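Let me begin by presenting the structure, written as C-alpha cells, before commenting on it.
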Amino acid sequence: MLSERDYQISPIVQESVMHNSKALQNLQSLSASLFGISAGILGLESYSGFLFYIFFSLLTSFLLYTTHILSASSTPKGYKENKNVTGHKGLGSGVTGVKRYFRGGYEFWFGGVGNGFAGFVLTWTLFYGLVRA
Amino acid sequence: MAQVPVQTIHRDPQLFYWILFPITIVMILTGVLRHYASVLMQSAPKKLDQKSIREQRSLLHGINVRSNFHTLSKKSFATRRDALVTAFESGAYLKDPERAGGGQPNPLSDPSSMEGMMGMMKNQMAMIIPNTLIMSWINAFFSGYVIMKLPFPLTIKFKSMLQAGVMTKDMDPRWMSSISWYFLCIFGLQSVFNFLLGSDNAASQMAQQMGGMGGAPAQMFGPGVDPDKQFKAEAENLAVIEHYSVLDNVEDRLLEGISV
Amino acid sequence: MTWISKTITVFGGLLLAHACYSAQEHAALQSFKAAATSTLTSSTPAASSLPVDIAIETIVATLITVLGLVLGTRPLRPIQWRVWAGKIEREGEEGFLGNNGEVEKDYMGNPFSYLESRPSFVDIRKQRKEFSQWVKNGGSQGKN
Amino acid sequence: MAPSLLYNPAKLPPSAALQLAQQAPIVLQQSLSGTETVDQWATYENLLLSCLRTGDDEAAAKCMDRLEERFGADNERVMALRGLLSEAQAENNGELEAVLKQYDAILEGNNTNIPITKRRIALLRSMGRVSDAASALVQFLDFSPTDAEAWSELSDLYFSQGLYSQAIYALEEVLLLSPNAWNIHARLGELQYMAATTSGNGGGSQQKYLAEALKRFARSIELCDDYLRGYYGLKLVTTRLLKEQAKQAKTDEGEFTLPEPRTIQRLDELATAKLSEIVRHSSLKDRGWRGYDEREVAAARELLSQNGIER
C-alpha cells in the first residue's frame, strides 16, 4: 500500500501522465471507429460484433505495448543496469514495462475498451446500414 | 408476440443522402462551432487590487507550506509555521483587517462571484441551446422514417425510444428512426471531436497564452466564502501537522535504491 | 518514422475503402437477384454472408491501418519523477524526439530551470557587456 | 544542435545567443499574415532578448513593434519588454534613472503590475543599489508570496551579499512552491556547502550545514536519476567530511544530523562510481547520454582527476 509519504518521496509527473493517456486515448478512439467500420462491412451482428471489438482493441494495446513500451525501456545502453532496484519499497521499484508509463496495467490494457465503445457503435451502425442498403 | 422471421424492409437509398448525412454533418459542425464559441466566450480574468492579491496569495502560500512541509527540516518548518499561524489568526493578511470575524458577505452582492456564475451559465447554455435546436429541427423535418437497422438486438423497451413517430406495432426494435441516429451521434462523435480538436487545438492554447499575458490568477475564493474563516481554518491545519521530512534517511534510500 | 506510419495508414485505409465498396456492390447484387428471381416469395433469407475474399481483405486492411496508427502514436513518457527527470538531464532534447524526428513541441527541458535563470529579472546590461567582452576575446571559441 | 528560438535564451552561452540573433532577418522577413500560433510570439520575444544581448538594437526594435501591434502597448508583459529595451539602450546613469522614474510612474498608476515590478527590481540591482533592490523585492514578496521566481531572485541577491542563512531561507521558500525541483534541491545543497565553507572550521553550525548539504544533494539525485550536478555536490561534501572525520557535534533539536561515517564512505564510493560512469559515457557521446552540459562534464572530470581516480 502506498501512503501519501511514498508519493512525496517519489512523486509522479502529472504532465507525463496526461501526455501518455492523451496519446493512448487518441489512438483508441481512432482505432475504435476503424473497428466499427470493418465490423459494419463484415456485417457482424450482436455478440460477434462486440467480441470482434474487444479482440481488436486488446490487439491494439498489445501492438502499442510491443512498439512503444518494450522497445523504449531497453534502448539506452547501460541504462538497465542501474535499475536493478533491490527491495526498494514504494514507487521506485518496477520502472520497466507498463508501470513506467501508466499508473496501472488496467488503464493500459482495458481502458481502451470503454473509451472507444460509443465511437465503435456509431460507425458500426452506420456502415452496417450503408453496406446492407 | 410470435417469433418474427428476419424482417427486411426495402428502403430508398435517398434516405441516406437526405437524412443520415445531413444530421451527421450538422452534428459535427455544431461540435466544432461549440468548441470555438466556448474559447471565444472565455472572459478575461478580472483585475484585482493589490490587497486582494495579497490576501489570496498569502492563503495560497499557507496551503503550499502545509502541503509541501516535507521538503524542509523540522526547524525551518517550525519557524515558518509559527509566523504563519500568528499572522493568519490575527488576520494580518486580510483585505480589510477590521472586518475580521465579521459576517459573511452576500454572494449575490459581490460582483466578482456573479461573474463566475455567469461563466458557468454561459458554458451550460452553449451545451443546451444547440442541442434543443437540433432536436426540434430533426423532429420537425425527419420524423416518421425508419432509416437504419442496428446491428445488435435490443429489448422491446427501446422501441418507444428508437422508433418515436413510427406507429408500427410489429416492427423489430432494431429498426431505428432519425431521432435515434441523433442520440447515437451525441455519444459516438466524442471520439471524432477528440481527433478533430484535441490533436491540434491551437485555439485553446492561444487562450492560455493570453491568460498568461494578462497575469491575474484564477479566482481562489468561491462565492460567499469568508476569507477570515479560511485563514483561521488554514492556521488550524498548519498547527496540527506532524512534521517529517523527505530528507530523513535519504542517504540510506539512495544507497539501497541505486547500485552501480 | 512518420512517413512510414502515414503510408501504412493510408494504404490500409485504401484497402478498407475498397473492401467497403466491394461489400456494398455484393449486397446490392444480392438484393437485386433476390428481387428478380422471386418476386412472390417475399421472405428470402437476407443477403447471404460475405464472400471470403472480401472478409479477408477487410480484416487485413483493419490490421494494417491499426499498425499504422500505432506506429504513428507519439512516444510515451516515463511517469516516475526520477526516471523522467533523469531522462531530461541525461538525454536532453534527444530523449523527446517526436515521430517526425523533431523535438516535441511541448518539451521544455527542465521545467524548473527558469527558477535559476529568472528571465523576468534578467540584467540585460550585464549580458550586453559580457557579450561584447566575448566578441573582443575572439568570440568564436566554444562554437557548437 | 542549433538552439531553438522557442525557449528563453537567458542561460545560453554567448555563441548560441549570437546564432539566435543571426536568425533575426529571416524571422522578421516573414509577414504577419495567416493564422497566429503561440510559438510565433514566443519566437519574437526570445529573438528580442537575443538581439538585445548581441547589441542588434534595430532588429530588437522591430520585434518590439510587432509584439506591441499584436498585444497592445498596455499589456503588462509588453510594457516590461519595452522597459527592457530602453534599459539596454540607456547610455549612462542619467538615462537609467529616467527609466527607473518611468517604472515608478507606471507602478504609481497600477501597483499590481508584476512584470514591471520585477523589471524595476532587476534595474535597481543592475545599477548597484542592491539594498534597495532587496527591500523592493521583500515588499513585492509580501503581497505575492507565491512567486517562486522572485524568491529565487531574493536568494541570489542575499547570496551575492554573503548572507547565507537568508539566502537559504529564500531558497527553501522556492522549494515549498515547487517541492520536486531537483535543480533547486541541488542549488540549496550548494548554498549550504558554501555556507559551511565560510562559517569557519569546527563548530556545530558548519557540521549542520554540511549535513543538510549532503541530504539535499542526495535528494536531488533521488528526484533525478544520473543527475550530474547532484553527484558532483555529493562527491564534494563526502570528500570533505571524510577528510575532516569530525566527531558528531551536538545539534539542535529538529535539525539534520550527519549519517554514520560508514554511510558517508559508501556514499562517496557511489558518487565516484556514478561520476566516472557519466563522464565516460558522455565523453564517448553514447546514445542517450548527450544531454549533459559540456562544461559540467569537464568540471566533473577535473574533480575526479583531483582525487586521483580515473577509470
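Note that the structure is predicted; figures quoted are calculated from it, not measured. Chain letters run A, B, ... following the sequence lines, proteins first and then strands; every chain starts at 1.
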Chain C contact via D:Leu228 - side chain, backbone, both or neither, heavy atoms under 4.5 Å: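 Neither part.
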D:Ala80 versus chain C, the contacting section by heavy-atom distance below 4.5 Å: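 No part of it gets close to chain C.
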All side chain to side chain contact (heavy atoms under 4.5 Å, CB included) counterparts of D:Met79, not counting sequence neighbours: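 Only D:Ile106, D:Asn113, D:Ile116 meet the side chain to side chain contact (heavy atoms under 4.5 Å, CB included) criterion with D:Met79.
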Side-chain heavy atoms of D:Asp226 within contact of C:Arg82, under 4.5 Å: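 No. Closest side-chain heavy atoms not under 4.5 Å.
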Find the distance between [atom1] ([X]) and [atom2] ([Y]) and round it off to the nearest 0.5 Å.
{"X": "C:Phe121", "Y": "D:Leu154", "atom1": "CZ", "atom2": "CG", "result": "9.0 Å"}
{"X": "D:Leu52", "Y": "C:Phe131", "atom1": "CG", "atom2": "CZ", "result": "12.0 Å"}
{"X": "D:Arg125", "Y": "C:Lys126", "atom1": "CZ", "atom2": "NZ", "result": "6.5 Å"}
{"X": "C:Trp81", "Y": "D:Glu222", "atom1": "CH2", "atom2": "CD", "result": "13.0 Å"}

Solution key, residues 54-66 of chain C side-chain donor-acceptor pairs under 3.5 Å, sequence neighbours excluded:
from	atom 1	to	atom 2	distance (Å)
C:Glu57	OE1	C:His18	ND1	3.3
C:Glu57	OE2	C:His18	ND1	2.6
C:Thr58	OG1	C:Ile54	O	2.7
C:Thr62	OG1	A:Ser38	OG	3.2
C:Thr62	OG1	C:Thr58	O	2.7
C:Thr65	OG1	C:Ala61	O	2.6

Between D:Ile278, D:Asp156, D:Leu123, the one whose heavy-atom pairs under 4.5 Å with chain C are most numerous: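 Highest number of pairs under 4.5 Å: D:Asp156.
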Would you give me the side-chain donor-acceptor pairs under 3.5 Å for residues 175-184 of chain D, sequence neighbours excluded?
from	atom 1	to	atom 2	distance (Å)
D:Ser178	OG	D:Val174	O	3.3
D:Trp182	NE1	C:Glu89	OE2	3.1
D:Asn183	ND2	C:Phe112	O	3.1
D:Asn183	ND2	C:Glu116	OE1	3.3

Pair C:Arg118 + D:Glu149: basic N to acidic O under 4.0 Å: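 No.
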Within residues 132-141 of chain D, residues adjacent to chain C where the heavy-atom gap is under 4.5 Å: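 So the qualifying residues are D:Leu137.
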Side-chain donor/acceptor of C:Arg125 to backbone N/O of D:Ser126, under 3.5 Å: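 Yes.
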Chi angles and distances behind the side chain to side chain contact (heavy atoms under 4.5 Å, CB included) call for D:Thr54, C:Gln127: CA-CA 8 Å; D:Thr54 53; C:Gln127 282 198 345; over 6 Å; no
Closest non-hydrogen atom pair between D:Asp225 and C:Val83, with its separation: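 Minimum heavy-atom contact is OD2-CA, 3.7 Å.
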